[in-house]
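To keep things clear, I will list the structure first and then write my remarks on it.
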There are 2 protein chains.
Amino acid sequence: MSHLINISEAASLALHGLAIVAQKNPEKVNAKYIAEKLNASEAHLAKIFQRLSKSGLIKSFRGPTGGFVLNKPVEEISFLDIYEIVESKIIINDCPLHKTGCPFENCIFGDALKNISQSIYQTFKNIKLSDFTE
Amino acid sequence: MSHLINISEAASLALHGLAIVAQKNPEKVNAKYIAEKLNASEAHLAKIFQRLSKSGLIKSFRGPTGGFVLNKPVEEISFLDIYEIVESKIIINDCPLHKTGCPFENCIFGDALKNISQSIYQTFKNIKLSDFTE
DNA sequence: TTAATTCTGGTACTCAAATACCGAAATAGG
DNA sequence: CCTATTTCGGTATTTGAGTACCAGAATTAA
C-alpha cells in the first residue's frame, strides 16, 4: 500500500498537536497532554515538538506549569511551515533518477511532477492553524 | 530533504526501463542492456522487471537472445499501471493519523489530501508509454 | 533548598522498504 | 549433449524513518 503524497506520521502529528496548542492559545500546553489527546507516544511527540521549538515556531517552558505556546499569530503558521521543519527541505522537481545520469534528454515525466509538486506546495501553504481555532 | 510526491526509485526505474523497451518494440530487450542505459544496478532492475513480468504487463524470455517485450500496445500502458504494480495498491485519502483514533471530528486536512491524491492519480494515468515512442 | 515537573538532547533500538546476492531453471546455438 | 546466456525466486543485507529510553538542565512551588 502506498500513499501518493509524502506526509510522515511525524509531520501529521506536528500539525495535529499544534492545532491543539492553537486552540488553547495563549495557554501553555505540555507534551503529555497533547500525546494523550492524539493517542500518540509521548516520547515521539516530545521529539517532534523539540524540533518545532528549536525552529522558533513555538516557545517552550520547562518545569511545572511548563509546556509549549505558539510563537506567532495563528494565521501566520501554515502546514507548509510545519512540514518544512519536520521533513526538512522540500524538493519540488523530483524524478528519482535525476541524479544518476538519466539517458532521456527530456525528463520522461515532463512537467508533470513539477506541476503536481507545486500544487501540493500551494495546498500545504493554504492550511493554516487559524483554520482550527474557529 | 523530502519529496512531496511518493515515487520510489523502483517505480521510476520501471517507467524508464519500459520506455526503453517500448522504443525497441517489438524487439526483446534484456535486463543488462536496460540497466546499463539507466546507470542502474542490474540486480535491482531485474527484480523490478520480474514483478512487471509476473503481473502480465510484459513477457519474458530466458536464455541467450532472451529479454523482455511489452505484452500490450504502448498506448495501453500508463505510469499508473506501472506504479500500482511496483508500489502495490494506492491509498487515495490518507491522513496518517486516520487509524489511531484522531480526536478531530472533521479531518484536519479537510478535502485537501483527497483532492491532491486524485489529481496525482489522473496525472499518472495520463503518462503513457506511447509518449516515448517515435 | 528540596522535591516534583517538564523540556532537552544524545543515543539506542525496531521495523519495513529498498537493494543486493546467488544458486537454480530455462533456452539457444553449436 | 554441452556451454553460455538470461530470467527466476528465495534470501540476505543495508538503509533510513520511526520510535523509545534515559540522564541532565531548567523551573516552579513549598
Side-chain angles (χ1 to χ4, degrees), chain A residues 1-3 6-14 16-17 21 24 27-36 38-71 83 85-89 91 96-97 99-100, chain B residues 1-3 6-14 17 21 27-36 38-69 71 83 85-91 96-97 99-100:
Chain A
M1 285 198 305
S2 173
H3 292 252
N6 220 4
I7 302 177
S8 69
E9 185 168 341
S12 182
L13 273 177
H16 284 76
V21 175
K24 295 273 186 189
E27 258 180 72
K28 280 177 285 188
V29 188
N30 68 40
K32 188 176 180 184
Y33 176 84
I34 302 171
E36 269 171 13
L38 296 178
N39 286 314
S41 127
E42 186 183 339
H44 189 203
L45 192 125
K47 260 284 175 274
I48 298 166
F49 268 66
Q50 206 173 307
R51 300 180 64 183
L52 296 172
S53 168
K54 211 143 87 172
S55 78
L57 203 68
I58 57 179
K59 266 193 299 195
S60 65
F61 299 91
R62 298 185 184 184
T65 79
F68 301 94
V69 290
L70 303 181
N71 201 18
Y83 187 94
I85 292 164
V86 175
E87 313 271 10
S88 79
K89 222 48 190 171
I91 298 170
L97 295 193
K99 29 182 182 174
T100 71
Chain B
M1 285 198 305
S2 173
H3 292 252
N6 220 5
I7 301 179
S8 69
E9 185 168 340
S12 182
L13 273 178
V21 175
E27 258 181 73
K28 279 177 285 186
V29 188
N30 68 39
K32 188 175 179 184
Y33 176 85
I34 302 170
E36 268 171 14
L38 297 178
N39 285 315
S41 128
E42 185 184 339
H44 188 202
L45 191 125
K47 256 290 174 266
I48 297 166
F49 269 66
Q50 206 171 307
R51 300 178 65 182
L52 296 173
S53 169
K54 212 146 84 171
S55 78
L57 204 67
I58 58 180
K59 265 194 299 197
S60 65
F61 299 91
R62 297 188 185 183
T65 80
F68 301 95
V69 290
N71 200 19
Y83 187 94
I85 292 166
V86 175
E87 312 273 11
S88 79
K89 223 47 191 171
I90 288 178
I91 299 170
L97 294 193
K99 27 180 184 179
T100 70

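Quick note on labels: first sequence line is chain A, next is B, and so on, each numbered from 1.
- A side-chain contact (heavy atoms from CB on, under 4.5 Å) with A:Val29 holds for exactly one of A:Ile34, A:Val69, A:Leu70; it is A:Ile34.
- Within residues 56-65 of chain A, the residues approaching DNA chain C are A:Ser60, A:Phe61, A:Arg62, A:Gly63, A:Pro64, by heavy-atom distance under 4.0 Å.
- Listed pair B:Ser41 / C:dA20 meets the phosphate criterion, a side-chain N or O lying under 4.0 Å from OP1 or OP2.
- Rounding to the nearest 0.5 Å gives a distance of 6.0 Å between CG of A:Leu45 and CG of A:Leu13.
- Between the P atom of C:dG9 and the CZ atom of A:Phe49 lies a distance of 16 Å, rounded to the nearest Å.
- When the P atom of C:dT8 is taken as reference, atom CG of A:Leu52 falls 10 Å away, rounded to whole Å.
- Shown here are the side-chain contact (heavy atoms from CB on, under 4.5 Å) partners of A:Ser41, two or more places apart in sequence or in another chain: A:Ala43, A:His44.
- Within the 4.0 angstrom heavy-atom criterion, only backbone atoms of the sugar-phosphate kind lie near A:Ala31; the bases stay farther away.
- If you measure from atom CD of A:Gln50 to atom P of C:dT11, you get 13 Å, rounded to the nearest angstrom.
- A:Lys47 contributes a side-chain N or O that forms a donor-acceptor pair with the base of C:dG10 under 3.5 Å.
- Nearest nucleotide to the B:Lys54 side chain, out of C:dC7, D:dC21, D:dG9: D:dG9.
- Note on A:Ala10: nothing from the nucleic acid sits closer than 4.0 angstrom, heavy atoms only.
- Distance from the side chain of A:His44 is smallest to D:dT19 among D:dT7, D:dT19, D:dG18.
- A distance of 12.0 Å separates NE2 in A:His16 from CD1 in A:Ile48, rounded to the nearest 0.5 Å.
- For B:Asn30, the side-chain contact (heavy atoms from CB on, under 4.5 Å) criterion is met by B:Lys32, B:Tyr33, not counting sequence neighbours.
- Put simply, CG on A:Leu38 is 13 Å from P on D:dT19, counting in whole angstrom units.
- Residue order along DNA chain D, read from the 5' end via each residue's closest nucleotide, puts A:Glu42 first among A:Glu42 and A:Lys28.
- In this structure, CD1 of A:Ile34 is placed 12 Å from C1' of C:dT6, rounded to the nearest angstrom.
- Of all non-hydrogen atoms in A:Phe68 and A:Ser53, the two that sit nearest each other are CE2-CB, 4.5 Å.
- In this structure, CG of A:Asn30 is placed 14 Å from P of D:dT28, rounded to the nearest angstrom.
- In this structure, CD1 of A:Ile7 is placed 12 Å from P of D:dG18, rounded to the nearest angstrom.
- For A:Ser55, the side-chain contact (heavy atoms from CB on, under 4.5 Å) test picks out A:Leu57, A:Ile85, with sequence neighbours left out.
- The CD atom of B:Glu87 sits 11 Å away from the C1' atom of C:dA18 (whole-angstrom rounding).
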